[in-house]
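Structure first, commentary second.
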Amino acid sequence: MTMPGLREQYLDAMGIPVWVLRGAADAEPEPAAEGVDEASADWDELREAVRNCTKCALHQGRTQTVFGVGSQTADLLVIGEAPGAEEDRRGEPFVGRAGQLLNAMLAAIHLAREDVYIANILKCRPPNNRDPKSDEAATCTPYLQRQIELLQPRVILALGRIAAQWLLQSDTPIGRLRGRTFQFGAASTPLVVSYHPAYLLRSPLAKSKSWEDLKIVKRLLRPPE
Ligand code: URA
């Protein structure tokens, strides 16, 4: 862990947690694919590094990598877990049934899918849609970290337990992470946690809580007065 700066100390004193992605701060960087240094890569170089990535075993089972999609000037970054079968086939995150619900959730706060940026913790599909392993998430995190640096979103929305717990480095149940705002990373980007749309498809009663979370996102995205 790096030493906290004055700002972090103030935030800490005020009880506002500042979360820094593990892997970016603590882990030894993995050698970059094809000589690309993802810590300084531009969008094209980063996409290419992901496309060629063989850093973990998941590359063996993928049809293609799923880099991310959306506006590179988006204010909102949505982060999910990992590609599923449809995403692996099409090379785009959240394109299955859960993706359709995500589009509807965004529309409810007057955002089109094209207005936001959508990425996952993992860029490759885990076999049989199993949960990502923590070493896979750690290996893939520098790519997401660079996406966040390039995008500089005003707000991050973490969807589902896996994304939320990984980004916040917490094992707190999602029900206690949602409904509030965290400060994420060196830029202290406001981060809101909500339920994964795939969970909402199975448990529609949770949609009212998800709506509460989306209203927080909407409020955070409001332009400063
Ligand atoms: N679930 C996710 O978390 N991400 C996707 O891209 C698709 C489904």
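When a ligand or atom number is given, it counts from 1 through the structure's own listing order. Model, not experiment: these values are computed from the prediction.
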**Message:** Under the rule for side chain to side chain contact (heavy atoms under 4.5 Å, CB included), what residues qualify as partners of R97, not counting sequence neighbours?
**Reply:**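 Side chain to side chain contact (heavy atoms under 4.5 Å, CB included) check on R97 returns L201.
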
Atom pairs and distances, side-chain donor-acceptor, residues 147-161, under 3.5 Å, sequence neighbours left out:
from, atom 1, to, atom 2, distance (Å)
Q147, OE1, K123, NZ, 2.6
Q147, NE2, F67, O, 2.9
E149, OE1, R146, NH1, 2.9
R154, NH1, L221, O, 3.0
R154, NH2, L220, O, 3.2
R154, NH2, L221, O, 3.4
R154, NH2, R222, O, 3.1
R161, NH2, D131, OD2, 3.0

**Message:** Would K209 and E212 count as a salt bridge (Lys or Arg N to Asp or Glu O under 4.0 Å) here? Give the steps.
**Reply:** CA-CA 5 Å; K209 287 183 178 160; E212 296 301 318; over 6 Å; no

**Request:** Compile the protein residues with any heavy atom at a distance under 4.0 Å from an atom of ligand 1; present them by chain, then by number.
**Result:**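 Under the 4.0 Å cut-off, ligand 1 touches G80, E81, A82, E87, P93, F94, N120, H196.
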
**Message:** I'd like to know whether CG of N128 has more than 12 heavy-atom contacts from other residues, nucleotides or ligands below 6.0 angstrom.
**Reply:** no

What donor-acceptor contacts under 3.5 angstrom involve side-chain atoms of residues 100-108, with partners at least two apart or in another chain?
from, atom 1, to, atom 2, distance (Å)
N103, OD1, R113, NH1, 3.2

**Message:** If I compare all heavy atoms of F94 with all of P197, which pair ends up nearest, and what's the gap?
**Reply:** CE2-CG, 3.9 Å

